[in-house]
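Each remark here refers to the structure printed beneath this line.
Computed from a prediction, not measured in an experiment: that's the story for all the values here. Sequential numbering from 1 along the given sequence is applied to the chain's residues.
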Amino acid sequence: MEGGGGSGNKTTGGLAGFFGAGGAGYSHADLAGVPLTGMNPLSPYLNVDPRYLVQDTDEFILPTGANKTRGRFELAFFTIGGCCMTGAAFGAMNGLRLGLKETQNMAWSKPRNVQILNMVTRQGALWANTLGSLALLYSAFGVVIEKTRGAEDDLNTVAAGTMTGMLYKCTVSEMALDSQFCVLLSGS
């Protein structure tokens, strides 16, 4: 049975043996004595005992006494990056909205496109910077509170959010008051 279905010990040249047209084959009867818990037979041509492929343990090694969950410090990087990307996306959408609104009386031309693009990039960067800064403050407060208290609970999250909001509101209010004070001093 030349070039047949893969039983027997015949070899054929070229790629035919690779695709099952010849070569040493294993029938399902050869794998009948191997317990396959939750696995289908991989391939009759794979020369590996499937028992070695079953993993009963975790895929990574943890130091003794380490948690299997990520700590607040590890999550801080995801939080900051995610907030920057979210801020850039929302800022770009807001910039597109503002750009279209401000240039609605202009004809579709290169100057209008440039102005819209400038608004998109300016607003995207502004929002990304703002949300990234808030996430940085929140993450820093969260890590410091967790290390200080020595506990991982919801109180850390509430305290970090409260402190971030207070600090952000304080700086925004001070900047607003400073700008109003400068306007009063200049007499304008």
Heavy-atom distance under 4.5 Å between the side chains of [X] and [Y], does that happen here?
X      : Y      : value
Met163 : Leu137 : no
Ser139 : Ile80  : yes
Leu136 : Phe141 : no

With rounding to the nearest 0.5 angstrom, report the [atom1] to [atom2] distance, [X] to [Y].
X      : Y      : atom1 : atom2 : answer
Leu98  : Arg122 : CG    : CZ    : 10.5 Å
Met85  : Leu131 : CE    : CG    : 12.5 Å
Leu126 : Thr121 : CG    : OG1   : 11.0 Å
Arg149 : Leu155 : CZ    : CG    : 4.5 Å
Thr79  : Phe77  : OG1   : CZ    : 10.5 Å
Glu152 : Ile145 : CD    : CD1   : 13.5 Å

*Would Val120 end up clustered with Trp108 when hydrophobic side chains under 4.5 Å apart are linked, directly or stepwise?*
yes
*Kindly give the heavy-atom pair with the smallest separation between Cys84 and Gly132, and that separation in Å.*
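Smallest interatomic distance, heavy atoms only, reads SG-CA, 3.5 Å.
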*What is the minimum heavy-atom distance between Thr164 and Tyr138, and which atoms define it?*
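The pair with the smallest heavy-atom distance is OG1-CA, 3.1 Å.
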*More than 12 foreign heavy atoms under 6.0 Å from CG of Asp154: is that the case here?*
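Not more than 12 within 6.0 Å, no.
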*Which residue pairs satisfy the side-chain hydrogen bond (donor to acceptor under 3.5 Å, both in side chains) criterion with at least one member in residues 82-107, sequence neighbours excluded?*
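Residue pairs with at least one partner in residues 82-107: Asn94-Arg97, Asn94-Gln123, Thr103-Arg112.
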